[in-house]
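Throughout, numbering of the chain's residues begins at 1 and tracks the sequence. The model shown is predicted, which means the values in this text are computed figures rather than measured ones.
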Amino acid sequence: MASASTHPTRGLSLAAFALIIVVTLAAIFVVGTADREAQMFVVVTALTFGLGAVIIPRVAARDGSISARFLFLALGAHVFGSLVRYFIIQSVYHGIADANIYMKLGTELAGEFRSLHIPAIPSVGTDFMGWLTGLMFAFTGPTLLGGFVVCAALAFIGSWYFYKAFRISFPGGDYKLYAILVFLLPSMWYWPSSLGKDAVIVLFLGLATYGFALAFRAMFVRGIVISSLGVGGVLMLRPPIGAVIALSGAIGFALSPARLQVAALRAVAWILLVGLLAGLSAISLASSKNYVGDQSLVEAYEVQRTADFEGNQGADSNFSAPSILSPIGVPSALITSNFRPFPWETSGVLQRVAALEGMLLIVLFLARIRELIRGLKMWRVNGMVIYVCGSFIGVSLLLSSLPNFGLLARQRTQVLPFLLMLPAMLRPSRNRENEPEEPASLSASA
C-alpha cells in the first residue's frame with residue numbers, strides 16, 4: 001500500500017522536473033544564457049526536487065490535510081516561476097534588476113565563507129541580503145539562475161509555514177481554498193522566485209506566523225523561539241515590516257485568552273508571554289527607528305524601496321499613492337496595496353495579469369463576505385485573528401506608499417498570505433455541515 005501510494009508522487013515529481021528542463025532549454029535558445037548558468041539551473045533544480053522527494057511525502061503524511069502530489073505541483077510552479085522571472089528580466093528589463101546587485105555582493109563574500117573566514121553580519125537591508133547570498137554561493141558557487149531556484153524553494157517553504165499556521169489557528173477554516181491561494185496564486189510563485197529579499201521575506205514571515213500560531217495554542221516555548229527567529233529575519237531585511245508583525249503578535253496575545261486549564265498557570269503564561277512579546281516589539285521598534293532615522297515608517301519604506309528598484313520600472317507604471325492621513329486614506333491604502341492596478345489602469349502584459357488577479361480576489365471576498373464577517377468575530381477567543389488583521393493592515397499601509405505598480409505588485413507578496421487567510425477562516429455553512437471536524441490531534445501534528 002505504501003509503495004503504491006508513493007508512485008504517483010514520484011511520477012509527478014519526475015514529470016515536473018522533465019517539464020522544467022524542456023522549458024529551460026527553450027529559454028537558453030531564446031535568451032542566450034551562458035552554458036554554466038544553464039548547467040547550474042539544472043543541477044540546483046535536480047537537488048531541489050531530490051530533497052523534495054525525501055521531505056515532501058513525509059510532511060504531507062504528517063499533516064494529513066494536503067497531498068504530496070499537490071505540494072510537488074506547488075514546488076514545480078515556484079521553480080517554473082524562477083525561470084519565467086529570469087526570462088522576463090533578461091528580455092523585458094534587459095538584465096537590469098536588483099538580483100545583479102546580490103549576485104555581485106554574494107560573489108565577493110562566497111570565498112570568505114568557503115575559507116571559513118566568516119564575514120561580519122552587516123547592516124540591515126541590501127547588505128544583509130548580500131551576506132546571505134554569499135553564504136548560499138559558498139555551497140553552489142556564483143550562479144544567478146541557481147540563486148533564482150534556491151529563492152523559489154525558500155518562498156515555497158515560507159508558504160508551507162503559512163499553511164501550517166492557518167491549519168493550527170483555524171481548524172474550521174477552508175484549508176483547501178487557502179492552500180490553492182497561498183501556493184498557486186501567480187503572485188506567490190512568480191514574484192518571490194528570483195534572487196532577492198522577497199523570497200527570504202516570505203520565508204521569515206511564514207516562520208513568524210507559524211510561531212505565533214503555536215504560541216496562541218499554548219505551545220509557548222516552541223512558538224516564541226520560532227516567532228523570534230522569523231521576526232528577527234524580517235528585521236534584518238525590512239525593519240518596519242518586522243515591527244508591524246511583532247506588534248500584531250503582542251496585541252493578539254494580550255487580548256486573547258491563554259489556552260490553559262489552570263487559572264494560575266494561565267495568568268503566569270499571560271504575564272510571561274506578553275512581557276516577552278513586548279520586549280520583542282520594543283526591539284523591533286528600536287531597529288525600525290534606527291532604520292528610518294527622522295522619517296516615518298511609511299516614508300522610510302518608500303525611500304528604501306525606490307532606491308532598491310530605481311531604474312527597474314517604467315515610468316508608465318507610476319501613480320499617485322494615497323495619503324493615509326486623508327479622510328479616506330486608510331481604506332484607499334488597503335485597496336491600493338492589495339487589489340490595484342485595476343484593468344483600466346494597466347499598460348502592459350504583467351500589469352494586466354496583476355489586474356486580473358486583483359479582480360479575482362475582489363470577487364472571492366464578495367463571495368465569502370459572510371464567512372469573513374463571522375471569522376472576524378472570533379477575535380475574542382482566537383488571538384490569531386488579531387495578529388492576521390494587524391499584520392494585514394500594517395503591512396498594507398506601508399506598501400501603499402509605493403508610487404509604482406511594478407514595485408507594488410512585487411512587494412504584495414508580504415501581505416498576500418495574511419489577506420488570503422481572511423476569506424478562508426471559516427468554511428461556508430453548507431461545507432461545514434458535510435465535512436467532519438478537525439481531529440483532536442491537530443496540535444500534535446503542528
query: In terms of side-chain geometry, is the basic nitrogen of Asp198 or Arg85 positioned less than 4.0 Å from the acidic oxygen of its partner?
result: no

I need the [X] [atom1] to [Y] [atom2] distance, nearest 0.5 Å.
X      : Y      : atom1 : atom2 : result
Ser391 : Leu419 : OG    : CG    : 12.0 Å
Leu426 : Arg374 : CG    : CZ    : 5.0 Å
Ser228 : Leu207 : OG    : CG    : 11.5 Å
Ser248 : Ile393 : OG    : CD1   : 8.5 Å
Leu237 : Gln414 : CG    : CD    : 9.5 Å
Tyr102 : Thr126 : OH    : OG1   : 4.0 Å

Quick one: does [X]'s side chain get under 4.5 Å of [Y]'s, heavy atoms only?
X      : Y      : result
Asn100 : Leu144 : yes
Leu356 : Arg352 : no
Phe137 : Met103 : yes
Leu71  : Leu75  : no
Leu185 : Glu357 : yes
Tyr175 : Ile180 : no
Leu205 : Arg238 : no
Leu361 : Leu420 : yes

Checking [X] now: which residues fulfil side-chain contact (heavy atoms from CB on, under 4.5 Å) with it, not counting sequence neighbours?
X      : value
Leu177 : Asp174, Leu181, Leu364, Arg368, Ala424
Pro119 : Leu109, Glu112, Phe113, Trp131
Arg412 : Leu408, Val415, Leu416
Leu372 : Phe365, Ile369, Leu376, Leu422, Met425

message: Can you classify the ring geometry of Phe183 versus Phe156 as parallel (below 30°), tilted (30 to 60°) or perpendicular (above 60°)?
response: tilted

Contact summary for [X] and [Y], nearest pair of heavy atoms:
X      : Y      : result
Phe49  : Val79  : CE1-CG2, 4.2 Å
Arg217 : Ile168 : NE-O, 3.1 Å
Gly196 : Cys151 : N-SG, 3.9 Å
Ala60  : Ala68  : CB-N, 3.6 Å
Phe148 : Ala99  : CE1-CB, 3.8 Å
Met188 : Val182 : CB-O, 3.5 Å

message: Could you work out, with ring-ring contact (aromatic ring centres under 6.0 Å, His included) as the rule, every residue matching Trp160, not counting sequence neighbours?
response: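 Counting only residues at least two positions away or on another chain, Trp160 forms a ring-ring contact (aromatic ring centres under 6.0 Å, His included) with Tyr163.
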
Please confirm whether the backbone N or O of [Y] pairs with a side-chain atom of [X], one donor and one acceptor, at under 3.5 Å?
X      : Y      : value
Ser400 : Ala333 : no
Ser193 : His78  : yes
Arg222 : Gly211 : no
Asn338 : Leu334 : yes
Thr143 : Thr140 : no
Tyr178 : Pro417 : yes

- prompt: Quick one: which of Phe216, Trp379, Phe166 gives a side chain to side chain contact (heavy atoms under 4.5 Å, CB included) with Met384?
  reply: Phe216

- request: Not counting sequence neighbours, which residues clear side chain to side chain donor-acceptor pair (under 3.5 Å) with Ser82? List them please.
  value: none

message: Determine whether Val385 and Asn382 satisfy the following criterion, side chain to side chain contact (heavy atoms under 4.5 Å, CB included), listing intermediate values before the conclusion.
response: CA-CA 6 Å; Val385 175; Asn382 190 343; 4.1 Å; yes

- request: Assess whether side chain to side chain contact (heavy atoms under 4.5 Å, CB included) is satisfied between Leu105 and Glu108, documenting all intermediate values.
  value: CA-CA 5 Å; Leu105 293 174; Glu108 294 172 353; 4.3 Å; yes

message: Between Lys176 and Arg427, does the side chain to side chain contact (heavy atoms under 4.5 Å, CB included) criterion hold? Intermediate values first, please.
response: CA-CA 10 Å; Lys176 294 179 181 178; Arg427 291 190 295 270; over 6 Å; no

message: Regarding Thr209 and Tyr387, do their side chains bring together a donor and an acceptor under 3.5 Å, going by distance alone?
response: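 Yes, side-chain donor-acceptor contact under 3.5 Å.
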
- request: Please lay out, stage by stage, how Arg58 and Asp63 fare under the test salt bridge (Lys or Arg N to Asp or Glu O under 4.0 Å).
  value: CA-CA 9 Å; Arg58 296 182 180 181; Asp63 180 82; over 6 Å; no

- prompt: Stepwise, does the ring pair (Phe, Tyr, Trp, His ring centres under 6.0 Å) test hold for Phe418 with Phe162?
  reply: CA-CA 9 Å; Phe418 301 109; Phe162 272 113; 5.4 Å; yes

Neighbour count >12 (heavy atoms, 6.0 Å) for atom CZ, Phe342: yes

query: Stepwise, does the side chain to side chain contact (heavy atoms under 4.5 Å, CB included) test hold for Val231 with Met236?
result: CA-CA 9 Å; Val231 171; Met236 290 301 296; over 6 Å; no

